[in-house]
Amino acid sequence: MRTQSSATAPSPIAVTAPREHRGFGTALAALGVAAFSLTFPATAWGLESFGPWSLVAVRSVLAALIAGGCLLFLRVPLPERRHLPGLAVVAGGVVLGFPLLTTLALQTSTTAHAAVVVGLLPLTTAVFSALRTGSRPSRRFWLAALAGAAAVAAFTVTQSGGALTAADGCLFAALLVCAAGYTEGGRLARVMPGWQVIGWALVLCLPLSVPAAAVALTYEPFRLTAHGIAGVLWVALGSQFLGLVVWYRGMAAIGIPRASQLQLAQPLLTLVWSALLLGEHFTAAAPLTAVAVLVCIAVTQRS
């Protein structure tokens, strides 16, 4: 493979893209959100067959094999050296950090609770974006994002009995590492196709994920079930690869802060999947909080 030169790299996609590009980018980002909304229910299914460490390692290996196969088949040039630090952040945050922390949290937390807590991800991503890329969203944008975050924070404290649990700690840590990975991925997707961003990030993790999977499967008992297999396949292919492909492409087209706010809809979608696929029951506070943050989307998208 040859190294991709700056002369052949795709030109950056400006945040101020034409209206038709913004509409297409919004559709892609929304498709990514739909894929991500199934992640927690699929993870809960996967935990029926695998331990938490095994599940994270196996999903990473499977996604990397698919991504690496696509990169080889299409003879994609190696990423430029200057892009490697950003890809490492994507790998650490999106490929390893977020899946591991949320999987550990889901051992003791319901998917409905975790989904609403992760509703803070849009605000966290917007903050990282402002610090990393120098973007300056409007005051109305920040007020709406903070309102959504406040609703999620109030829900978390209330549902946890007034004190944060270890699962909540894992979820909040997951927000930080995922927001960093989203920001770097969205930035890189302006100079290379989004699927290559997550593809190379997955491949970079193979030296860690392959031995981790071998060790974890040795020490953690596993029992293959239909739910377990379906769960690990979805988190590997749907959430870890295909969802991130369209998500990064959408972020590159409409901008990281605007795209990140679309994820305010993700908790509500996950609540629906949790009820349909897992039979979970939750109090009225969960859907009410999800609806409250969903309302913030309209404000942020107009800011």
Side-chain angles (χ1 to χ4, degrees), residues 29-52 55-56 58-59 94 98-124 148-149 151-161 164-175 178 225-240 242-244 247 260-297:
L31 188 59
V33 170
F36 299 153
S37 69
L38 277 162
T39 299
F40 287 170
T43 299
W45 273 6
L47 286 172
E48 294 181 11
S49 293
F50 299 92
L55 178 59
V56 174
V58 169
R59 68 180 277 184
V94 177
F98 185 80
L100 177 60
L101 290 166
T102 53
T103 300
L104 292 174
L106 286 173
Q107 289 189 290
T108 56
S109 173
T110 65
T111 61
H113 180 87
V116 177
V117 173
V118 173
L120 285 173
L121 185 56
L123 174 62
T124 312
V152 172
F155 169 83
T156 304
V157 173
T158 301
Q159 294 295 302
S160 300
L164 297 179
T165 65
D168 291 326
C170 288
L171 292 171
F172 285 123
L175 291 175
C178 189
T225 64
H227 277 176
I229 294 173
V232 73
L233 287 178
W234 177 258
V235 293
L237 304 181
S239 303
Q240 194 86 72
L242 297 177
L244 285 168
W247 173 245
S260 69
Q261 299 312 299
L262 290 174
Q263 278 200 300
L264 287 172
Q266 187 173 321
L268 189 59
L269 291 173
T270 300
L271 291 178
V272 174
W273 294 125
S274 298
L276 293 177
L277 300 179
L278 304 177
E280 284 191 2
H281 301 283
F282 38 79
T283 64
L288 287 176
T289 304
V291 170
V293 295
L294 182 60
V295 171
C296 295
I297 294 178

Check [X] against [Y] and note the closest heavy-atom contact, atom names and distance.
{"X": "H113", "Y": "F155", "value": "ND1-CE2, 3.9 Å"}
{"X": "A167", "Y": "S109", "value": "CB-CB, 3.9 Å"}
{"X": "L277", "Y": "L38", "value": "CD1-CD2, 3.8 Å"}
{"X": "C178", "Y": "F98", "value": "CB-CD1, 3.4 Å"}
{"X": "Q240", "Y": "V94", "value": "NE2-O, 3.3 Å"}
{"X": "A42", "Y": "V235", "value": "CB-CG1, 3.7 Å"}

Please round to the nearest 0.5 Å and tell me the distance separating atom [atom1] of [X] and atom [atom2] of [Y].
{"X": "L237", "Y": "R59", "atom1": "CG", "atom2": "CZ", "answer": "10.5 Å"}
{"X": "T225", "Y": "F50", "atom1": "OG1", "atom2": "CZ", "answer": "8.5 Å"}
{"X": "L104", "Y": "T43", "atom1": "CG", "atom2": "OG1", "answer": "11.0 Å"}
{"X": "L278", "Y": "T270", "atom1": "CG", "atom2": "OG1", "answer": "10.5 Å"}

>> Quick check against the 3.5 Å criterion: does T102 have a side-chain atom that pairs as donor or acceptor with the backbone of P99?
In response: yes
>> Taking side-chain contact (heavy atoms from CB on, under 4.5 Å) as the definition, give me every residue that meets it alongside A112, ordered by chain and number, with sequence neighbours left out.
In response: T110, L271, E280, F282
> Got a sec, which pairs hit side-chain hydrogen bond (donor to acceptor under 3.5 Å, both in side chains) with one end in residues 29-42, sequence neighbours left out?
Replying inline: S37-W273, T39-S239
> Can you list the steps and then say if F172 with L101 is a side-chain contact (heavy atoms from CB on, under 4.5 Å)?
Replying inline: CA-CA 9 Å; F172 285 123; L101 290 166; over 6 Å; no
> Can T165 and T108 be said to form a side-chain contact (heavy atoms from CB on, under 4.5 Å), step by step?
Replying inline: CA-CA 9 Å; T165 65; T108 56; 6.0 Å; no
> Quick one: are L100 and T103 in side-chain contact, heavy atoms under 4.5 Å?
Replying inline: no
>> Quick one, S49 and I229 - any side-chain contact, counting heavy atoms below 4.5 Å?
In response: no
> What orientation do W247 and F36 show, parallel under 30°, tilted 30 to 60°, or perpendicular over 60°?
Replying inline: perpendicular
